[in-house]
Structure formats: structure tokens, C-alpha cells
Amino acid sequence: MIERVAEVQEAVGSSASANRNPWGPLREKRREMRRFADRWAQLPVETRATCPRCGEVRPARFERRGEQVVLTIDCPACDVPPIVHHDAIWTPLAPDWPGSAAETFHGSRIHPVIRRLPCTVETLCPECGAIVVGRYFVRDGAVFMEKTCPEHGYARDRISPSVALFTKAAWWNFEEHPGQKYPQVKGAKHCPSDCGLCNQHLSAPVLAQIDLTNRCNMRCPICFANANASGYVYEPDYDEIVREMRVLRDMRPTVTTAIQFTGGEPTIHPDFLKIVAKAKEMGFSHIQIATNGIRMADPEFARQAAQAGLHTLYLQFDGVGDDAYQATRNYPGIWEKKLAALESCRANDMKVCLVPTIVRGVNDEQIPKIFQFAIDNIDVVSGISWQPVSFSGRINWEEREKKRFTLGDLALALGKIEGLDAMRDMYPIGLTVPISNLLEAMTGDPKIRASAHPICAFGTYILVSPEGKPYPFPKVVNVEGMFWEMNRHAERIRKKGKVTLLDKLRLFRMFKKVWKKDGAPPDLSVRKFIRSIMGMVDKKVGRGRAGQKTYRSLLCAGMHFQDRYNFDVERVKRCVILYSTPAGVFPFCTHNCGPEYRYLSQAGFVRELKDEEYAPTIPQEAKS
């Protein structure tokens, strides 16, 4: 990592003006990433693949047979017929959802989500990061990705332990959207090598992010973004951060309304409170921070942050109790800090989203404990954002398989909790897009849409009774029917250009139609359920004292950020978590992982880390 940063600094030069121009190194990186593009531009394409009969990896090739793309595997031990693959790389498929855009605003063809397996995929070489082609396939009931780099050879990764959960997710996204009206990179042909944000990107940000600093007051062994690990400091000044926020507010057709300040630890930026206040002034309606909670444990600092405009803590939360943090954080006493941060939010009417990084064999046994902790603190905890670990750098197959934890693993683990069922309750977050479509049709104002790729984020909403009992939404309502009908109502209202009393009556009747009386608690009516849904979008409903007599809602969802082993270009094109940086806007999985544009986009504001700026291995208060 240090060598990578040193190369960037040398490439952009040492003068102030040159050091703020990362475009030269970015162009070189992009050329390197697409250096094999001509090899897979047309069929046939040579590769290696797993023989479905003996399980050995053999030479293979993608080729066309009539209208179909097939994979021919040359296995000397088995007579394997050509395997038909669903494809949108070499086959110009149209989106299969009525009303979907077929092209972006700037004419780039939209590759629709492939809903069946096996299928082709554009991905990255884990070793060099070059764009290569591969495939998703099924073996022993699990879903895998495999690909072959012309220089570095074959790689495979497990994507999901359950083909049933994987394919269920693939079927639940709605209309494709035409992307950004004013992309920063025009004429892009290859993703993700032309990133920054380009004309091929399809989604608007549900949550935008800005790194305030990479300095931190902890030294977590698993962190990829801190100065203690890299040996350099990235900390843009106030004016640069305001410029990056303005870029987000200028995005169209949908204005960015939600922002998260990240790090490092964002609260240690010298202008943190001033930045939060400026975000509020600029019109961001939701402001949150990704934090370890140490500074927010200080009641006075938390009060000042809330007063400045902070709404939510995206709180690092790997388990319940000090023992859960030994392997992932190595910071004695951090559990008490997190409890204190929670109390600070409770006292200042802020919300908390718990953020556990889950590593198989390290803290996956904490999943039911974290879930129960959220239920017990539902007056202040609005969600759990589970984050299966993403690998940075080299790791062999055996070690990766030992630690790999996927969204399918998460769903199965949650399904073991009393009252939850993996197949019934878990859906991709794109299922909720009709809510945005309906609100936009009713108000005439563009709304953010959770239009992520269906295998990016997987979860459910939980209704929590005043007595603390969880009821997953799919147990209470037919969510598939509800969102399907909601989308139809949205389209009807949009075509008319206005919402009438009849439309409102139809919506209420729709809620009654999808109501599951046998699954809902006896004291929960349709009207109360609608009020609970309002609590999902209005912090004054269902939170704090205002929500003591209603069923509160808890988002329980995982978002699996990609690495080079499981990278899927179509997922990145639909990314809804976007970073604004000095060098442009980047999807999360091109900024932090995959291509890792972070090191180049931040190079203009890098300086050497001073000895006194290193966070101590063990905090002073823990030594006494």
C-alpha cells in the first residue's frame, strides 16, 4: 500500500500545482486495466473453466452457436456438451421490465441484469486488476464466479452458498434507469477503467460519501482506509470538501440529498463541526458519519454535532461485549465507548445504524447477539448494515474460502433467529424502488431510488412491537404483491400528471389487499402499519418519544462490497454508494476496492504522516 502511494506521488510530481493533478496517473491506470479488451471484444474467447462432471479446471472457450453463447470445455476425462450461457456482453439484450431505459442519457447501451444461471460476466483479474471475462455457475447448490487472466491465469470465488437465494435476488429489480445527465467522463467505453463518474453509470446516489481524513484514533487490523496502515495523511481542507459537496448537489436528474462523512475517523478532522453545518446549509436532508464512536461518546461533542445538523451514526459494531473486538479492532475498552455513543444519540435525538464487519470464523457467531441488541435499543437504533468482509491484496483460495462470508451466508444465519426465515424474508434492496416511483409520481419531484444491482444488497425490514418482538415485513404483508401493485399505481399517476382522491383510496385498498392477518400481531392494524412505514422516512415518526406507542421499523440488510475476486462490472454500473473526491465521483467498489482509485484520486492532498500522528496501539485510558 505504501509503495502504491509513493508511486502516485512520484507520478504527479512534488510541486503544489502538479500534486493536485492526478489525471496523468489515472489515464495510465485506465490503459492498463483495459489492455486485454481486444481479446474478448468478439467471440470466440479462450478461458479456463470447471468441468461440471469431474470438477477439474480445464481449457475452455466462449463461442457462438446460432443465437446462443456457449462454453465449450475441453476435458480429456469427460465428454461435456457445450453449455449454454445467458449473456449480455456479446448479445444485445433489451431490458425485460416494461418502461425500462435501453440506453443512458448519453447513448450507452444498458446491459440488463441477467436473472438465470449460468451466465457471463465482465470482471477483474485479482492479480493485476485488468478487465477480463468470466462466468457465474452453479456447483453443489452454491454459486461461484470463475475467470482467467491472459497473464495471471485462473481464479475462482464463492458468491453464494445457496443458488435459491441468489436467483431469488436476481428476479427482484424493477426498471433500469438512464443514469446521469451530466457525467464527468463522457464517451466512456469500458467499465470500470473509464470511471469518474461516466456516461455508463445507471444509478443516482442513495448515499454519497466524502472522506474527510484517513487519520484515525484507532489502529484496526482489518481497516483499508487509515493513515496508520498507509504511512501517509489524506486530509482535504474545508474549501475542497465544500467543492466536493457542491458536485453532489449539482447531480441530475436526481439531486443528492443524503451524505455520509467517512475516514479514517471523520470526527477528528479539525473542521468537522463546520463541515456538518455547511452540509445542512447546502440542503442535504440526511447527514451521517461512519464512526468508531470514540468522540461521539463525549456528551458535549455529541450535542454540538447534533446541533450542527448530524442525524445518524453509522457505527462500527462488530459484536456485543469487549471480546468481540479483540480480533477485529484490538482496542481495549471500545465496548464502553460504543455504549456511551449510543447514549449520546439517545440524549440528542439522533439515530444509530450498527455496522458489523463479518468475517467467517472470527465474529459470525455474533450475528444473533447484534440483532437482539438492535431490538433492545430500537428507540435509537434504526438499522443494521451488515458488511461481509472484502479482501484487499493477495489471499489464496484456501484462506479466502475459510474467511469468505457472503450475503447468502448472512441470510442463512439470520434465518436461524426465532421469527425470521431466510427464503421468506430476505430481498434485494431494489425491491423498494416502487416507493420512490410512487412518491415521485405523487409529488412531481425526483426521488432517490435504491436501484442497486440485486446481488449487491440483501435484507429485510423488521417491525418491532412496543414489547420488543420482531415481525419481518414479509410475515405481515405480501411484499412482492405490495411493491408490484405500488409500481402500477405509480405509473398510472405519472401518466395522469396528478394524484386524486381515488388514487389514495386505491392505495389504501392495496395495503388491505396485501395484509397478512394470520402473520400480523393482533394489535397491529393496516393504519398502524402505514404509520410504521412513515417512520422509515420521517425521523419524527417511530423514533424516540414520538414512537413509544407505535411499531418501530428496523432495517436489517447486508451490503457486500466487492473485491477483485468477486468483481462484477454490472454491479458497479448500478452502484448507489458514490464517493465525491478531488478527482471526480467514484462508485464505492471502484474507489475502495477492485481498481482502488482511492490512492490516485486522493494523491493531490497527500502528505507524510508525522510520528506524533500515529494512533497508539493501545489507548492511554486502557493502560491505566
Side-chain angles (χ1 to χ4, degrees), residues 207-218 220 225-226 234-242 244-246 248-249 256-317 329 331 333-355 374 377-385 538-540 543-547 577 579-580 615 619 621:
L207 179 66
Q209 307 210 66
I210 292 179
D211 279 339
L212 299 191
T213 179
N214 71 338
R215 291 189 300 120
C216 189
N217 45 12
M218 294 179 67
C220 302
N226 73 85
Y234 166 76
E235 194 166 274
D237 57 28
Y238 172 81
D239 290 338
E240 169 59 24
I241 292 165
V242 171
E244 293 172 20
M245 287 195 286
R246 189 168 293 114
L248 296 171
R249 293 293 291 166
T256 307
T257 58
I259 190 167
Q260 175 169 275
F261 297 116
T262 62
E265 173 53 44
T267 59
I268 67 175
H269 190 285
D271 291 319
F272 171 74
L273 295 174
K274 184 179 176 182
I275 290 166
V276 170
K278 184 63 176 178
K280 180 180 179 181
E281 177 190 318
M282 292 177 70
F284 288 98
S285 59
H286 182 82
I287 303 168
Q288 69 181 44
I289 57 171
T291 179
N292 56 36
I294 292 176
R295 291 209 71 189
M296 297 303 295
D298 177 357
E300 176 56 24
F301 184 81
R303 185 193 66 77
Q304 293 177 26
Q307 189 175 40
L310 185 64
H311 298 125
T312 302
L313 267 60
Y314 202 64
L315 182 64
Q316 175 197 90
F317 200 90
R329 306 300 170 187
Y331 191 104
I334 189 61
W335 174 242
E336 294 301 321
K337 294 287 187 183
K338 294 188 185 297
L339 292 178
L342 206 73
E343 288 303 319
S344 292
C345 290
R346 186 174 275 122
N348 290 281
D349 199 25
M350 291 188 288
K351 294 188 290 184
V352 175
C353 179
L354 307 179
V355 188
N377 292 276
I378 191 63
D379 62 309
V380 67
V381 175
S382 60
I384 311 172
S385 180
D538 186 348
K539 65 174 290 188
K540 295 179 181 179
R543 295 266 87 79
R545 288 183 291 274
I577 311 294
Y579 272 86
S580 187
E621 57 266 31

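Keep in mind that this is a model prediction, so the values were computed, not measured.
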Compare all side-chain heavy atoms of [X] with those of [Y] and state whether any distance is below 4.5 angstrom.
X: Lys280; Y: Ile287; result: yes
X: Leu342; Y: Leu313; result: no
X: Ile289; Y: Phe261; result: yes
X: Thr257; Y: Arg249; result: yes
X: Val352; Y: Tyr314; result: no

Asn292 side-chain N/O to Ile294 backbone N/O, donor-acceptor pair under 3.5 Å: yes
Donor-acceptor pair, side chain of Arg215 and main chain of His269, under 3.5 angstrom: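 Such a contact is absent between Arg215 side chain and His269 backbone.
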Looking only at non-hydrogen atoms, find the nearest pair between [X] and [Y] and report the distance.
X: Cys216; Y: Ile268; result: N-CD1, 3.6 Å
X: Ala374; Y: Leu354; result: CB-CD1, 4.1 Å
X: Cys345; Y: Val380; result: CB-CG2, 3.8 Å
X: Asn348; Y: Pro299; result: ND2-O, 4.4 Å

Contacts of Thr262 that satisfy side chain to side chain donor-acceptor pair (under 3.5 Å) - sequence neighbours left out: Asp211
Any residue meeting side chain to side chain donor-acceptor pair (under 3.5 Å) with Asn377, in chain and number order, not counting sequence neighbours: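 Once residues adjacent in sequence are excluded, the partners of Asn377 under the side chain to side chain donor-acceptor pair (under 3.5 Å) criterion are Arg346.
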Can you tell me if [X] and [Y] form a side-chain donor-acceptor pair at under 3.5 Å?
X: Lys351; Y: Gln288; answer: no
X: Thr291; Y: Gln316; answer: no
X: Thr213; Y: Glu235; answer: yes

Distance (rounded to the nearest 0.5 Å) between [X] [atom1] and [Y] [atom2]:
X: Arg295; Y: Glu300; atom1: CZ; atom2: CD; answer: 11.0 Å
X: Met296; Y: Glu265; atom1: CE; atom2: CD; answer: 9.5 Å
X: Leu212; Y: Glu244; atom1: CG; atom2: CD; answer: 9.0 Å
X: Arg246; Y: Ile241; atom1: CZ; atom2: CD1; answer: 13.0 Å
X: Asp237; Y: Ile275; atom1: CG; atom2: CD1; answer: 9.0 Å
X: Phe284; Y: Ile259; atom1: CZ; atom2: CD1; answer: 4.0 Å

Six-ring centre of Tyr238, Lys274 cation under 6.0 angstrom, axis tolerance 45°: yes
Ser344: side-chain contact (heavy atoms from CB on, under 4.5 Å) partners, not counting sequence neighbours: Ala302
